[in-house]
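From a predicted model like this one, the values you see are computed outputs, not experimental measurements. Numbering of residues begins at 1 and proceeds along the displayed sequence.
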Amino acid sequence: MINFTKVATAGLLSFNFISCVFAVESGVLNSAGLGAETVGLPEVPAPSSEAAAQSEARDLGLFRYFGYGETPRPEMLVIRKGARTAAVVSVKLESIKNAYLKPAIIFTTGAGTKVYVSGTKASNCPDGGSSCAEKDKFFLVLTTGKNESFFVRAVDILNWGILYSGSKTVTIDGEKYVVKIYANASTPENSRLEVKGPRGVALNSSLKQVGDGVAAMGVDVKLGKVYKLAYGNEIVQGPQGVNFTQKMLVLMIPFPVVDAASYFIFNASDIKPSGTAFPSFEKDYGFRLEGGTLDIYRL
């Protein structure tokens with residue numbers, strides 16, 4: 001899913017939100033890395049400055065502030081009759097459904113429509129499979145006050161030196177908005193997101209601000225650590241494009257966000273009314289989901 005992190009949470013936001021490393025082959029943004037053939041040569045020439053720059057580009061953790069997604073394995077719990085434990089956290093999930101898509105990162109069209117900007121990750125890869133770099137899963141999402149969503153693959157709008165020069169044009173209310181990311185190699189979270197419309201720059205924000213905004217939309221949860229809890233539809237991509245599915249995900253994002261931290265993804269259908277544990281997440285707590293209410297309780 002959703003992709004939060006602070007992610008975009010750090011990044012559901014995770015937002016990973018995420019190890020979003022950028023690779024380049026022949027200057028094409030969508031490739032997964034550099035390929036090479038071994039040939040017999042009497043001597044190997046020194047690498048060119050362009051090759052060195054491409055090598056450095058691979059190490060850009062541009063979206064690491066959105067975190068790295070982990071999916072803990074569920075274990076069913078059985079609660080003895082009369083032994084139901086009181087919840088330390090209780091959340092009506094419908095009340096926060098997809099709230100992360102509308103953080104306080106906003107621009108307004110000429111017609112007065114608010115457009116919210118968030119970051120997230122698709123659950124799969126551009127070809128619909130599962131084997132690809134994290135960078136190929138990360139999207140910016142522009143969500144209007146009319147609940148229209150526009151997905152912008154982040155790697156396609158990267159601008160950095162002579163290697164990357166990308167943008168995506170989105171039409172909202174009949175107006176064209178050009179979306180770009182200007183990468184900061186030394187401090188990736190300070191990379192700038194720019195949205196330029198018919199009246200000039202409509203939005204200029206750092207990726208950190210986007211990730212923080214996504215995370216802030218979650219519900220405060222204090223267990224062994226402090227988290228933001230988010231809930232929303234899974235996002236998938238493939239040759240036919242990007243879309244939401246009916247699969248619902250629960251996200252737990254460590255808060256405040258720490259650069260390159262892990263956030264946790266739970267399939268809502270794995271959380272049973274009788275109780276479910278996720279020992280690799282928080283071994284002292286159980287989860288139960290019944291009637292649309294998620295309870296977290298101490299074991």
Exercise for review: Under the side-chain contact (heavy atoms from CB on, under 4.5 Å) rule, what do K168 and L140 come out as? Steps first, then yes or no, please.
Suggested key: CA-CA 11 Å; K168 175 72 177 288; L140 293 169; over 6 Å; no
Review point. Under the side-chain hydrogen bond (donor to acceptor under 3.5 Å, both in side chains) criterion, do T245 and N243 qualify, and how do the steps go?
Key: CA-CA 7 Å; T245 75; N243 61 276; over 6 Å; no
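The closest side-chain heavy-atom distance from V115 to L203 is not below 4.5 Å. Side-chain contact between V242 and Q237 is present, with at least one heavy-atom pair separated by less than 4.5 Å. Counting only heavy atoms from C-beta outward, the side chains of L294 and F287 approach each other to under 4.5 Å. Using a 4.5 Å heavy-atom threshold, the side chains of N147 and K102 count as touching.
Put simply, L229 and L223 are part of the same group of oily side chains (I, L, V, M, F, W, Y) that touch within less than 4.5 Å, one to the next. Residues V250 and M76 are members of separate hydrophobic clusters, defined by side-chain heavy-atom contacts under 4.5 angstrom among Ile, Leu, Val, Met, Phe, Trp and Tyr. L289 is connected to V219 through a chain of hydrophobic side-chain contacts under 4.5 Å among Ile, Leu, Val, Met, Phe, Trp and Tyr, so both are in one cluster. Under the 4.5 Å side-chain heavy-atom criterion for ILVMFWY residues, a single connected hydrophobic cluster contains both Y164 and V195.
Considering every non-hydrogen atom in both T276 and K272, the closest pair reads OG1-N, 3.0 Å. V178 and S167 get closest at one heavy-atom pair: CG1-CB, 3.8 Å. The two atoms that bring G286 and L299 nearest to each other are N-CG, 3.6 Å, heavy atoms only. Across every non-hydrogen atom of Y231 and A268, the tightest pair is CE1-CB, 4.3 Å. Closest approach of F139 to D136, counting heavy atoms only: CE1-O, 4.5 Å. Of all heavy-atom pairs between S274 and Y297, the closest is O-OH, 4.4 Å.
Shown here are the side-chain contact (heavy atoms from CB on, under 4.5 Å) partners of P72, two or more places apart in sequence or in another chain: F264, F266, F278, S280, F281. Considering only residues two or more places apart in sequence or on other chains, E148 meets the salt bridge (charged side-chain N to carboxylate O under 4.0 Å, His left out) condition with none of them. Applying the side-chain hydrogen bond (donor to acceptor under 3.5 Å, both in side chains) test to S205 and every residue at least two apart in sequence or in another chain returns Q209. Residues satisfying the salt bridge (charged side-chain N to carboxylate O under 4.0 Å, His left out) test with D220, not counting sequence neighbours, are K228.
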Which pairs of donor and acceptor atoms, one on a side chain in residues 170-177, lie under 3.5 Å apart (sequence neighbours left out)?
residue : atom : partner : partner atom : Å
D173    : OD1  : K146    : NZ           : 3.1
D173    : OD2  : T109    : OG1          : 2.7
D173    : OD2  : T113    : OG1          : 2.6
E175    : OE1  : G110    : N            : 3.1
E175    : OE1  : Y177    : OH           : 2.4
E175    : OE1  : R199    : NH2          : 3.0
E175    : OE2  : G110    : N            : 3.4
E175    : OE2  : R199    : NH1          : 3.0
E175    : OE2  : R199    : NH2          : 3.3
Y177    : OH   : R199    : NH2          : 3.2

Show the atom names and distances, to 0.1 Å, of all donor-acceptor pairs under 3.5 Å that link a side chain in residues 88-97 to residues at least two apart or in another chain.
residue : atom : partner : partner atom : Å
S90     : OG   : D295    : OD1          : 2.7
S95     : OG   : K92     : O            : 2.6

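Here the side chain of S149 pairs no donor or acceptor atom with the backbone of T143 at under 3.5 angstrom. For the pair N159 (side chain) and G166 (backbone), a donor-acceptor distance under 3.5 Å is present. Counting only distance, with no hydrogens or angles, the side chain of E234 and the backbone of N267 share no donor-acceptor pair below 3.5 Å.
Taking OG1 of T144 as the reference point, atom NZ of K114 lies at 12.5 Å (rounded to 0.5 Å). The line from OG of S131 to CG of N124 is 12.0 Å long, rounded to the nearest 0.5 Å. Atoms OG1 and NZ, from T169 and K196 in turn, are 11.5 Å apart once rounded to the nearest 0.5 Å. Between K137 atom NZ and S130 atom OG the span is 7.0 Å, to the nearest 0.5 Å. Note that the OH atom of Y227 and the CD atom of E282 stand 3.5 Å from one another [nearest 0.5 Å]. Remark: I105 CD1 to L207 CG distance equals 10.5 Å, nearest 0.5 Å.
Ring centroid separation for the pair F151 and F244 comes in under the 6.0 Å cut-off.
A donor and an acceptor atom, one from each side chain of R192 and N204, are located under 3.5 Å apart.
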